[in-house]
Amino acid sequence: MRNLFLLLWKYNFFILFLLLETFCGYLIFQNNNFHRSSFVNSTNALSTRINSFVNNITDYIDLRSTNEALSRENAALKMLLPDVFYIDSALQKINKDTVLKQQYSFIAAKVINNTINRRNNYLTLDKGLLLGVKPEMGVICGEGIVGIVKDVSDHYCSVMSFLHKDSRITARMKKNNFIGSLVWDGYDETHASLKDIAKHVVVIKGDTIITSSYSSIFPEGVMLGIVDEVSSSGGNNFQDIRIKLSTSFGKLSYVYIVNNLLKDEQRALEEPLKNDR
């Protein structure tokens, strides 16, 4: 208490000066409309800036939950797209109406690990057996394909990225429906090669490449990329086509695991044909 008294006594003139300044300021703002309005406006502007700053921090903190909510919503919306339904033509003939059966369902997942600079790259997702994830399910994102589920635990799954030496996706040229195989050459995560397109097929830079209906893993029409370079080698009947991939593998955050609800039925039908020479 004694030290506080000594401190006040030491700076008594300065404290008195501050009190008088405050009182003068009060009299000015109280009796002068112009100064009072200017003070109120300045205070409001400062308050607005502070509130905006606080809101930006709050929005950033909530960004993760917002992204997760949007990812779940996108997965639900994807289930309503025409490409995820199977048209039962037999029932259509009977009822004269298009009867749609859902063929694909989607599970939103977050990427928790990802590699892009190896010859064989993998991802880890935060969804597993408890949510219905199984091996050989496709994985896509908003930009295009990502890979195929390899191993699954209760809460996680590993995904063989398209950036893998064993990856091969059945692809289709959107403008003319010619079918080929998209493979990764192992060097550049932004490009791949489109194989098995004959030389007589007209291919130009900018042509769109999508997934075909031949795959039991990916829905038809998922974006793969666009043609970046086209050349013809003399040793075979096929073109050398370089594709710029639509998926930015180095920026993956949220993806969708694709479940083909009719895959087992298709596999059971096709399996005996493999031994038919």
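Here the CZ atom belonging to F218 is positioned 11.5 Å from the CG atom belonging to N260, to the nearest 0.5 angstrom. Between the NZ atom of K263 and the OG atom of S215 there is a distance of 9.0 Å, given to the nearest 0.5 Å. Taking CG from L131 and NE2 from H155, the interatomic distance works out to 8.5 Å, rounded to the nearest 0.5 Å. Residue I241 holds its CD1 atom at 9.5 Å from NZ of K195, rounded to the nearest 0.5 Å. Summarising the geometry, atom NZ belonging to K199 is positioned 10.0 Å from atom CZ belonging to F238; distances are rounded to the nearest 0.5 Å. Taking OG1 of T247 as the reference point, atom CD1 of I145 lies at 6.5 Å (rounded to 0.5 Å).
Taking all atoms of both residues into account, the shortest heavy-atom contact from I116 to G250 is CD1-CA, 4.0 Å. Minimum heavy-atom separation, S212 to R172: CB-CB, 3.9 Å. Residues L261 and S105 come closest through the heavy atom pair CD2-OG, 4.0 Å. Taking all atoms of both residues into account, the shortest heavy-atom contact from M160 to S167 is CE-OG, 4.0 Å. Minimum heavy-atom separation, I243 to L194: CG1-CB, 3.8 Å. Listed here is the closest heavy atom pair of A108 and K127: O-CE, 3.3 Å.
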Could you go step by step and tell me if R242 and D188 meet the salt bridge (Lys or Arg N to Asp or Glu O under 4.0 Å) rule?
-> CA-CA 11 Å; R242 189 167 170 81; D188 183 359; 3.6 Å; yes
Where do K175 and D207 land on the salt bridge (Lys or Arg N to Asp or Glu O under 4.0 Å) test, with the steps shown first?
-> CA-CA 7 Å; K175 71 176 183 179; D207 283 347; 2.9 Å; yes
Test side-chain contact (heavy atoms from CB on, under 4.5 Å) on V230 and K205 and set out the steps.
-> CA-CA 7 Å; V230 184; K205 184 175 181 178; 5.8 Å; no
Check the pair S161 / T115 against side-chain contact (heavy atoms from CB on, under 4.5 Å), numbers first and verdict last.
-> CA-CA 9 Å; S161 173; T115 62; over 6 Å; no
Given the rule in the side-chain contact (heavy atoms from CB on, under 4.5 Å) test, do V201 and M173 qualify, once you have shown the distances and angles that lead to the verdict?
-> CA-CA 10 Å; V201 179; M173 296 185 63; 4.1 Å; yes
Please assess H191 against E229 for the test side-chain contact (heavy atoms from CB on, under 4.5 Å), listing each intermediate value before the final yes or no.
-> CA-CA 10 Å; H191 286 79; E229 298 177 12; over 6 Å; no
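Annotation for N237: atom CG does not count as buried by contact number, only 12 or fewer foreign heavy atoms lying within 6.0 Å. Annotation for K134: atom NZ does not count as buried by contact number, only 12 or fewer foreign heavy atoms lying within 6.0 Å.
Looking at heavy atoms from C-beta onward, V258 lies in side-chain contact with P219 at the 4.5 angstrom threshold. Taking 4.5 Å as the limit, every side-chain heavy atom of K251 sits out of range of all side-chain heavy atoms of E143. By the 4.5 Å heavy-atom criterion applied to side chains, F178 and V203 are not counted as neighbours. Counting heavy atoms from C-beta outward, I257 and C157 have side chains that approach closer than 4.5 Å. Taking the side chain as every heavy atom from C-beta outward, L252 and L123 approach each other to under 4.5 Å. A heavy-atom distance below 4.5 Å is found between the side chains of T170 and I179. The shortest side-chain heavy-atom distance between N176 and V202 does not fall under the 4.5 Å cut-off. The shortest side-chain heavy-atom distance between L245 and L163 falls under the 4.5 Å cut-off.
Side chain of N113 to main chain of T124: no donor-acceptor pair is present (N/O by atom type, distance under 3.5 Å, no hydrogens or angles). When atom types are taken as modelled, the side chain of D228 and the backbone of K244 share no donor-acceptor pair closer than 3.5 angstrom. With hydrogens and angles ignored, the 3.5 Å screen pairs no side-chain donor or acceptor of N259 with any backbone N or O of M137. Between the T211 side chain and the I169 main chain, no donor and acceptor come within less than 3.5 Å of each other. Side-chain N or O atoms of Q239 include one that pairs as donor or acceptor with a backbone N or O of A198 at under 3.5 Å. Although no hydrogens or angles enter the test, the distance criterion places a donor-acceptor pair under 3.5 Å between the side chain of S158 and the main chain of D151.
V149 and I140 fall within the same hydrophobic cluster, where Ile, Leu, Val, Met, Phe, Trp and Tyr residues are linked whenever their side-chain heavy atoms come under 4.5 Å apart, directly or through other members. Follow the hydrophobic side-chain contacts under 4.5 Å out from V159 and you reach I148 in the same cluster. Linking Ile, Leu, Val, Met, Phe, Trp and Tyr residues whenever their side-chain heavy atoms come within less than 4.5 Å places V222 and I107 in a single cluster. The hydrophobic cluster containing Y156 does not contain L125, counting ILVMFWY residues as joined when their side-chain heavy atoms lie under 4.5 angstrom apart, directly or transitively. Follow the hydrophobic side-chain contacts under 4.5 Å out from Y256 and you reach V152 in the same cluster.
Scanning for ring pair (Phe, Tyr, Trp, His ring centres under 6.0 Å) contacts around Y122 gives H164, with sequence neighbours left out.
Ring geometry for F249 against F162 counts as parallel: the plane angle stays under 30°, on a 0 to 90° scale with 60° as the upper cut.
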